[in-house]
Structures are given as structure tokens and as C-alpha cells.
Amino acid sequence: MIEELSIIEVWNKLEKIKNDIEYLETDLMTNYDIKPNKLKEILVSCTSHSNDTMINAIIRNDKQIEKLRKLYIDKNNCENYILKEINRMKLSEPALAIAFLKEYKKMTWYQISKQLDYSEKSARRYYAEYKGKTPKNNTFLKDDQI
């Protein structure tokens, strides 16, 4: 059975993967004296010129390159999972989706409203509901005051 991960756990995993990628990229650049743009070209497009024998040797022999490629795949998988989970949550749990985008992804209200197809006012209301500042049924009387 597949272990069910929360969106927060996947987000934390994604951040760790990003840190690992940054570390490996920096390590490769310093070990082989490669400029960052050349390393990106090699890793992203997976191409190098045939006359770059040093680059070809690095790609064939260095295990860090293979680890880095696996990390890129994991990063892509986590990002896709988060995007799909947000799209699922916007229908069933909009307050949680908005809270995640606001607190973890640090998006603006405008960006959140465009991502989830809500107005900024609705996004703010759902967020306030998540924070416990407004009641869900939009009444301001408590049951014992009726």
C-alpha cells in the first residue's frame, strides 16, 4: 500500500531535494571548475558538444551527475504532486489550499486568486476562516447568544 503523504510533508521533502540539488551543483562546479551556465546546459538539456571531452568524461564517470539527475526527477514529481493536490483541495478544502499557498509558497493574494480561480476577497475570507477569525457559517452570533 502506498503511504499517504500530506502536502506539507511533500513540501518539506521538496525543500530538502532543492537543498541537495544546490549542494551537488556547487560541488560539481568547484570540483571541475565549470561555470554555472555550462553546468545548467549539461544537466537540463543533457547535451554537450562532442569536442568537450572533459564534460563528456564527467558525465560518464561522476556518480554525482546521476544522483543529481535523480534529484531533478524527484523534484519534478514533488512539484507535480503539490500542484495536483492543491487543485484537488481547492474544491474540497479551499481554506487549506489557500493557507498552504499563503504560508508555504509565500504567494500574494493576487497570485492565489489566479491560481485557484477565486476572487481576492474570497481567498482572504477562506484564509481568515482557516485562521479562526470568522465562523464557517458567516454568522456572528454564537449558539448560546440566540
Side-chain angles (χ1 to χ4, degrees), residues 1-49 52 55 58-146:
M1 184 172 170
I2 297 175
E3 182 182 332
E4 189 173 319
L5 296 174
S6 74
I7 194 169
I8 305 300
E9 292 169 332
V10 176
W11 177 262
N12 289 335
K13 181 179 177 181
L14 176 63
E15 291 300 309
K16 182 180 180 337
I17 289 170
K18 285 180 181 178
N19 288 341
D20 291 345
I21 287 172
E22 185 178 335
Y23 173 78
L24 283 174
E25 285 177 347
T26 305
D27 193 40
L28 284 169
M29 286 185 291
T30 54
N31 286 345
Y32 295 108
D33 196 29
I34 302 173
K35 293 181 181 169
N37 58 352
K38 186 68 172 177
L39 182 65
K40 291 282 185 195
E41 176 188 332
I42 294 165
L43 296 174
V44 173
S45 64
C46 296
T47 60
S48 61
H49 303 302
D52 269 339
I55 301 297
I58 293 170
I59 292 173
R60 278 193 307 272
N61 299 329
D62 200 331
K63 292 180 182 178
Q64 285 183 326
I65 296 285
E66 193 58 37
K67 185 176 180 181
L68 199 53
R69 285 186 180 151
K70 287 178 184 176
L71 286 172
Y72 281 132
I73 291 168
D74 288 346
K75 177 184 171 201
N76 190 32
N77 289 340
C78 288
E79 288 171 344
N80 287 336
Y81 176 85
I82 289 171
L83 183 62
K84 288 178 182 179
E85 194 65 12
I86 287 172
N87 287 333
R88 182 193 66 79
M89 287 172 57
K90 84 177 184 182
L91 299 174
S92 61
E93 305 169 85
L96 287 176
I98 290 168
F100 175 80
L101 293 174
K102 186 68 177 166
E103 293 178 4
Y104 283 89
K105 292 192 89 175
K106 307 290 187 211
M107 294 174 82
T108 65
W109 291 115
Y110 177 77
Q111 293 169 327
I112 291 170
S113 66
K114 291 298 177 194
Q115 169 105 17
L116 299 179
D117 296 326
Y118 289 127
S119 68
E120 286 184 48
K121 189 174 181 179
S122 293
R124 288 177 189 265
R125 183 176 51 79
Y126 279 123
Y127 186 69
E129 178 183 300
Y130 170 79
K131 289 291 196 177
K133 295 180 181 173
T134 61
K136 277 191 172 186
N137 61 3
N138 288 330
T139 62
F140 292 96
L141 296 175
K142 293 184 179 177
D143 290 337
D144 56 289
Q145 293 178 338
I146 297 179

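As a basis for the values below, the full set of heavy atoms in this structure was taken, side chains included, without hydrogen atoms, waters or symmetry mates. None of these values were measured; they are calculated from a predicted model.
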Handout entry: Worked verdict on Tyr130 versus Glu93 for side chain to side chain donor-acceptor pair (under 3.5 Å)
Key = CA-CA 10 Å; Tyr130 170 79; Glu93 305 169 85; over 6 Å; no
Practice task
Starting from the C-alpha separation in whole Å, work towards a yes-or-no answer on side chain to side chain contact (heavy atoms under 4.5 Å, CB included) for Leu116 and Tyr126.
Solution key: CA-CA 12 Å; Leu116 299 179; Tyr126 279 123; over 6 Å; no
Exercise for the section: Give the C-alpha distance, both sets of side-chain angles, the deciding distance and a yes or no for side chain to side chain contact (heavy atoms under 4.5 Å, CB included) between Lys13 and Asp74. Expected result: CA-CA 9 Å; Lys13 181 179 177 181; Asp74 288 346; 5.6 Å; no
Exercise for the section: For side chain to side chain contact (heavy atoms under 4.5 Å, CB included), just list the numbers for Trp109 and Lys121, CA-CA rounded to whole Å, side-chain angles, deciding distance to a tenth of an Å, and then say yes or no. Expected result: CA-CA 9 Å; Trp109 291 115; Lys121 189 174 181 179; over 6 Å; no
Exercise for the section: Assess whether side chain to side chain contact (heavy atoms under 4.5 Å, CB included) is satisfied between Lys18 and Leu14, documenting all intermediate values. Expected result: CA-CA 6 Å; Lys18 285 180 181 178; Leu14 176 63; 4.0 Å; yes
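Summarising the local packing, OH of Tyr81 is surrounded by more than 12 heavy atoms from other residues, nucleotides or ligands at distances under 6.0 Å.
Here the OH atom belonging to Tyr118 is positioned 6.0 Å from the CD1 atom belonging to Ile98, to the nearest 0.5 angstrom. Note that CE of Met29 is 10.5 Å distant from CG of Leu24, once rounded to the nearest 0.5 Å. Here the NZ atom belonging to Lys75 is positioned 10.0 Å from the CD atom belonging to Glu15, to the nearest 0.5 angstrom. Considering CG of Leu68 and NZ of Lys70, their distance stands at 12.0 Å, rounded to 0.5 Å. From Asn77, atom CG reaches atom CD1 of Ile82 across 11.0 Å, with rounding to the nearest 0.5 Å. With values rounded to the nearest 0.5 angstrom, Leu96 atom CG is found 11.0 Å from Leu101 atom CG.
Tyr23 and Gln64 share no side-chain donor-acceptor pair at under 3.5 Å.
Judged by distance alone, the side chain of Lys105 and the main-chain N or O of Lys102 form no donor-acceptor pair under 3.5 Å.
Checked for salt-bridge contact, Lys90 and Asp117 meet the test: a charged N lies under 4.0 Å from a carboxylate O.
When side chains are defined from C-beta on, Thr108 does not count as touching Lys114, because their heavy atoms never get closer than 4.5 Å. A 4.5 Å side-chain heavy-atom check between Tyr72 and Ile21 finds at least one atom pair inside the cut-off.
Here the shortest heavy-atom pairing between Ser119 and Ser113 reads C-CB, 3.9 Å. In this structure, Phe100 and Trp11 approach most closely via the heavy-atom pair CZ-CE3, 3.6 Å. For Met89 against Ala97, the heavy-atom pair with the smallest separation is CE-N, 3.4 Å.
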